[in-house]
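Inspection log for the structure reproduced underneath, given as structure tokens.
What you are looking at is a predicted structure, and each value in this text was computed from that prediction instead of being measured.
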Amino acid sequence: MSSIQGKVAVITGAASGIGKEIAFELSRAGALIAVADINLDGAQAVADGIVQAGGRAMGVAMDVTDEAAVDAGIASVVAELGAVDILVSNAGIQIVNPIENYAFADWKKMLAIHLDGAFLTTRAALPHMYRDDGHGNSRGGVVIYMGSVHSHEASKLKSAYVTAKHGLLGLARVLAKEGGSRGVRSHVVCPGFVRTPLVDQQIPEQSLELGISEEEVVKNVMLGQTVDGIFTTVEDVAKTVRFLAEFPSAALTGQSVVVSHGWYMQ
């Protein structure tokens with residue numbers, strides 16, 4: 001039996017892509033799933049799919065940049081499922097542009113979704129992880145942030161994204177220090193390029209900005225530094241999240257785990 005059997009997992013940005021696969025993977029491990037997304041219809045569709053597959057899940061409307069919406073969303077999860085044991089802060093977008101052309105509004109939007117969202121969801125979830133377990137100890141839990149190889153490396157056109165993904169490392173490490181004595185662990189999962197709609201959107205954008213073909217963007221920019229020329233998959237990322245959620249102790253906390261076919265090695 002998985003160590004997260006019966007645990008409650010909140011996954012943000014889970015109506016599609018990586019977040020959706022994480023939701024299904026943690027459900028297969030026996031977790032109760034809160035599918036949180038700004039798109040409630042999409043979140044509910046994923047939750048319905050999990051239920052049809054034999055799991056237990058709920059859809060939650062959540063704009064991770066809105067403090068009140070995050071607090072209300074986490075409260076609704078606790079009211080329905082009884083706890084928050086696992087938080088996967090996955091919500092994210094991409095906007096590419098050279099720094100001199102990067103709109104300040106886009107910069108603020110990127111940092112709000114990636115960093116403010118990670119902070120707000122963490123702050124809302126922690127009281128439920130810190131609460132007494134009935135034996136004088138904290139319940140504990142795990143918080144996993146969706147970083148990127150760009151948490152460690154830079155790429156052209158991605159100033160806001162790289163800045164935000166670097167910032168998640170700091171948040172995770174502080175949480176590991178603060179939460180350790182309360183049974184809370186934290187990590188950053190750092191995928192390489194995953195072939196999702198978010199990445200597909202970048203291919204023509206980078207082709208235009210860099211003045212190269214779309215094929216060259218894929219071969220040289222996205223996969224050129226991998227060891228095998230293969231995209232990281234949503235399944236690769238989801239299985240890594242599950243491994244970290246199931247890990248039994250704080251022997252592994254505050255870590256950055258890169259899943260990138262060798263795109264970045266640490």
Throw together a table of side-chain donor-acceptor distances under 3.5 angstrom for residues 18-27, partners on residues two or more places apart or in other chains.
unit_1 : atom_1 : unit_2 : atom_2 : d
Glu21  : OE2    : Arg28  : NH2    : 3.0
Glu25  : OE1    : Arg28  : NH2    : 2.8
Glu25  : OE2    : Arg242 : NH1    : 3.0

Under 3.5 Å, side-chain donor or acceptor atoms of residues 102-112 against the rest of the protein: list the pairs with distances, not counting sequence neighbours.
unit_1 : atom_1 : unit_2 : atom_2 : d
Tyr102 : OH     : Ile95  : O      : 2.7

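Val35 and Val84 are assigned to two separate hydrophobic clusters, defined by single-linkage of ILVMFWY side chains at heavy-atom distances under 4.5 Å. Under the 4.5 Å side-chain heavy-atom criterion for ILVMFWY residues, a single connected hydrophobic cluster contains both Ile74 and Leu120. Linking Ile, Leu, Val, Met, Phe, Trp and Tyr whenever their side-chain heavy atoms come within less than 4.5 Å puts Val241 and Ile33 in one cluster. Connection of Val194 to Phe243 is established within a shared hydrophobic cluster, with ILVMFWY side chains joined at heavy-atom distances below 4.5 Å, either directly or through further cluster members. Under the 4.5 Å side-chain heavy-atom criterion for ILVMFWY residues, a single connected hydrophobic cluster contains both Ile4 and Val257.
Between Ser89 and Thr122 there is no side-chain heavy-atom pair separated by less than 4.5 Å. Glu246 is not listed as a side-chain neighbour of Val142, based on a closest heavy-atom distance of 4.5 Å or more. Side-chain contact between Val60 and Val77: present, with at least one pair of heavy atoms (C-beta onward) separated by less than 4.5 Å. By the 4.5 Å heavy-atom criterion applied to side chains, Val227 and Met265 are counted as neighbours.
The two residues Ser256 and Leu169 come nearest to each other via the heavy atoms CB-CD2, 3.8 Å. Closest approach of Pro191 and Met146 over heavy atoms only: CG-SD, 3.7 Å. The shortest non-hydrogen separation linking Ser151 to Val188 is OG-CG1, 4.4 Å. Between Ser207 and Glu214, the shortest heavy-atom contact is OG-N, 3.6 Å. Shortest non-hydrogen contact noted between Ala124 and Val70 is CB-CG1, 4.0 Å. Contact between Lys7 and Ile86 at its shortest, heavy atoms only, is CB-CD1, 4.3 Å.
Considering only residues two or more places apart in sequence or on other chains, Arg182 meets the side chain to side chain contact (heavy atoms under 4.5 Å, CB included) condition with Tyr130, Ser138. For Leu168, the side chain to side chain contact (heavy atoms under 4.5 Å, CB included) partners at least two apart in sequence or on another chain are Leu115, Ala118, Tyr145, Lys165.
Grouped by direct or indirect side-chain proximity (heavy atoms under 4.5 Å, Ile/Leu/Val/Met/Phe/Trp/Tyr only), Val221 sits with Val96, Val149, Leu157, Phe193, Val199, Ile203, Leu210, Ile212, Val217, Val218, Met222, Leu223, Phe231, Val258, Trp263, Tyr264. Taking Ile, Leu, Val, Met, Phe, Trp and Tyr as members and joining any whose side-chain heavy atoms lie under 4.5 Å apart, directly or through other members, Ile38 forms no hydrophobic cluster with any other residue. The hydrophobic cluster containing Val174, built from Ile/Leu/Val/Met/Phe/Trp/Tyr side-chain heavy atoms closer than 4.5 Å, comprises no other residue.
Taking CG of Asp85 as the reference point, atom CZ of Arg139 lies at 4.5 Å (rounded to 0.5 Å). Between atom CD of residue Gln5 and atom CG of residue Leu32 there is a gap of 8.5 Å, rounded to the nearest 0.5 Å. Expressed to the nearest 0.5 Å, how far CD1 of Ile144 lies from CG of Leu244 amounts to 5.0 Å. Separation of atoms CD (Gln206) and NZ (Lys156) is listed at 10.5 Å; rounding is to 0.5 Å. The CD1 atom of Ile99 sits 5.0 Å away from the OG atom of Ser159 when rounded to the nearest 0.5 Å. Distance CG/Asn137 to CG/Asp132: 7.0 Å, rounded to 0.5 Å.
Not a single donor-acceptor pair under 3.5 Å links the side chain of Thr253 to the backbone N or O of Ala176.
For residues 59-75, the set of pairs meeting the side-chain hydrogen bond (donor to acceptor under 3.5 Å, both in side chains) definition, not counting sequence neighbours, comprises Asp63-Thr65, Glu67-Arg123. Counting only residues at least two apart or on different chains, the side-chain hydrogen bond (donor to acceptor under 3.5 Å, both in side chains) pairs with a member in residues 184-201 are Arg195-Asp200. Screening residues 159-180 for ring pair (Phe, Tyr, Trp, His ring centres under 6.0 Å), with sequence neighbours left out, gives His114-Tyr161, His150-Tyr161. Sorted by first and then second residue, the side-chain hydrogen bond (donor to acceptor under 3.5 Å, both in side chains) pairs with a member in residues 221-232 read Asp228-His261; sequence neighbours excluded. Residue pairs meeting the side-chain hydrogen bond (donor to acceptor under 3.5 Å, both in side chains) criterion with at least one member in residues 35-54, sequence neighbours excluded: Gln44-Asp48.
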Given Gln266 and Cys190, is the side chain to side chain contact (heavy atoms under 4.5 Å, CB included) satisfied, shown in steps?
-> CA-CA 11 Å; Gln266 64 181 92; Cys190 298; 5.7 Å; no

Given Val8 and His128, is the side chain to side chain contact (heavy atoms under 4.5 Å, CB included) satisfied, shown in steps?
-> CA-CA 11 Å; Val8 177; His128 305 288; over 6 Å; no

Stepwise, does the side chain to side chain contact (heavy atoms under 4.5 Å, CB included) test hold for Thr240 with Val237?
-> CA-CA 5 Å; Thr240 304; Val237 180; 5.7 Å; no

After noting the C-alpha distance and the side-chain angles of Leu175 and Leu126, does the key distance pass the side chain to side chain contact (heavy atoms under 4.5 Å, CB included) rule?
-> CA-CA 10 Å; Leu175 177 56; Leu126 279 181; 3.8 Å; yes

